[in-house]
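No experiment lies behind these values; they were computed from the predicted model shown. Each chain gets a letter, A, B and so on, in the order the sequences are listed, and its residues count up from 1.
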Number of protein chains: 2
Amino acid sequence: MGKKGEDNRQRIIDAADQLFFKRGFNQTSFQDISDATGIPRGNFYYYFKTKEDILDAVLQLRRDMFIDSLKQIEVNTGNPLERLIKLADMLDVNSDDILASGCPIGSLSTELAKGTKDLQEKSQVVFQAIKQWASVQFSAMGVQRSDDAAMDLLAWMQGVTVMACAFKDVAFLQRSLQELKQWLKQKAHSKVVESA
Amino acid sequence: MGKKGEDNRQRIIDAADQLFFKRGFNQTSFQDISDATGIPRGNFYYYFKTKEDILDAVLQLRRDMFIDSLKQIEVNTGNPLERLIKLADMLDVNSDDILASGCPIGSLSTELAKGTKDLQEKSQVVFQAIKQWASVQFSAMGVQRSDDAAMDLLAWMQGVTVMACAFKDVAFLQRSLQELKQWLKQKAHSKVVESA
DNA sequence: GTCTATAGCCGGATAGAC
DNA sequence: GTCTATCCGGCTATAGAC
């Protein structure tokens, strides 16, 4: 806590997080992060051994941020259906960024999938956390095969994001979000029918 | 046709096409393409002024290849529902590549979205060709708002691809493909009900 | 802990011989 | 048309002064 460097370290991670999203991991240079923070390039190696170490820190940050957001949703919302709807609504809340740069997690995962096996595995961590949370909510809703449902939800959100970003089509994003919410509500209702 | 260089030019484009898919556009160097073809780096500039010109040629190749494939489907299949199912089945036919590197069009679009505005617009062209073809098929099926249906289909395929690639999950890919086909069949049937 | 200077490499692009 | 040699710049990473 008292360490001076912890502040600089966090500023590097925060800037890298933004730049990895806007430009991609490979296309973000130490110079870019230096320009954004005012911290000299050479100084980075005091906090991180390699660029990949910065990536690790960014992935951990994103995972922690998501887990925080999801816990907030759990605190504020008792109904699992409404919780999942709030997750989906992130597409609307962040629509400007999504149209411009896609999904921070999905686009990074897509980029890292083309790298070394080491890199490929790292990108799963954030998705895993969200998937697990969504699965728990589906399960609480009484949905069978909640893991499958969680994957379907994530796939839906990713697909909408890829196409909306490719065509810069906010109307498609909004329409798909409505249909996604309908699908979630049907999931919640159909479990009643099936369990009857 | 008699030009000697046309052969080399095509070999460069074909190698770039593969490499852009496996490693990404930015992460593919002239050296990589040279290694794959045996053609010296410096020679590339006889056929292309810049790396972006190679990208243009690759995008045109992919568009042409898709248009060819879709025309083949039209020739071999009279029923628009079965045509769309054959389009979806590309997820199965190319499942190994998809698990390893994602969708050639989607992943490139995601990468280029983080580049200059010039690059962003180019990636739309291939998607546009497939979307238009799918829209025609939905329309022939009697589906209302066929453009929306085409976007939904592409988004579904992209979402499945992103998640299947991220988790290297072939079972999810297969399951989602079955559900996608069911959705297509429901679309085909529901239009009868609505028009009755 | 902070910063400058620079090594060492590799990228896209060019010039010009053959 | 084909190929070699090379320029110039940017990259990650390192060394070492302060």
- Could you say whether A:Lys49 or A:Ser29 is positioned toward the 5' end of DNA chain D, judged by the nucleotide with the nearest heavy atom to each? A:Ser29
- How many Å lie between CG on B:Asn26 and C1' on C:dG11, as a whole number? 12 Å
- B:Phe44 CZ - C:dT14 C1' separation (whole Å): 15 Å
- Item | Distance, rounded to the nearest Å, where A:Phe48 contributes CZ and C:dG1 contributes C1' | 15 Å
- Item | Rounded distance in Å - CD (B:Gln27) to C1' (D:dC11) | 11 Å
- Query: Between D:dC11 atom P and A:Lys51 atom NZ, what is the distance in whole Å?
  - Reply: 9 Å
- Distance in angstrom units between B:Arg23 CZ and C:dG11 C1', rounded: 14 Å
- Any chain of hydrophobic side-chain contacts (each under 4.5 Å) joining A:Leu154 to A:Val125? no
- Sequence neighbours excluded, which residues qualify as salt bridge (charged side-chain N to carboxylate O under 4.0 Å, His left out) partners of B:Asp68? none
- Is the distance from OP1 or OP2 of C:dG1 to the nearest side-chain N or O of A:Asn8 less than 4.0 Å? no
- Item | Reference residue A:Leu84; test side chain to side chain contact (heavy atoms under 4.5 Å, CB included); the match among A:Lys181, A:Lys185, A:Lys187, A:Met141 | A:Met141
I'd like a list of close polar pairs between nucleotides 4-7 of chain C and the protein, N/O only, cut-off under 3.5 Å.
none

- Item | A:Tyr46 side-chain N/O to C:dC3 phosphate OP1/OP2 under 4.0 Å | no
- Relative to the ring of B:Trp156, is the ring of B:Trp183 parallel (under 30°), tilted (30 to 60°) or perpendicular (over 60°)? tilted
- What is the ring orientation for B:Phe25 with B:Phe20, classed by angle as parallel under 30°, tilted 30 to 60°, or perpendicular over 60°? perpendicular
- Partner of B:Val170 under side chain to side chain contact (heavy atoms under 4.5 Å, CB included), chosen from B:Leu99, B:Asp92, B:Asp96: B:Leu99
- Looking only at side chains, do B:Thr110 and A:Thr110 share a donor and an acceptor under 3.5 Å apart? no
- Query: Any side-chain N or O of B:Tyr45 under 4.0 Å from OP1/OP2 of D:dT2?
  - Reply: no
- Message: Using whole Å, what does the distance between atom C1' of nucleotide D:dT12 and atom CD of A:Glu52 come to?
- Response: 13 Å
- Check every atom of D:dA13, C:dG11, C:dG12 against the side chain of B:Gln31 and return the nucleotide holding the closest atom. C:dG11
- Message: Base, sugar-phosphate or nothing for A:Phe30? Non-hydrogen atoms, less than 4.0 Å.
- Response: sugar-phosphate
- Query: With a non-hydrogen cut-off below 4.0 angstrom, is B:Ser34 in contact with a base, only sugar-phosphate, or nothing?
  - Reply: nothing
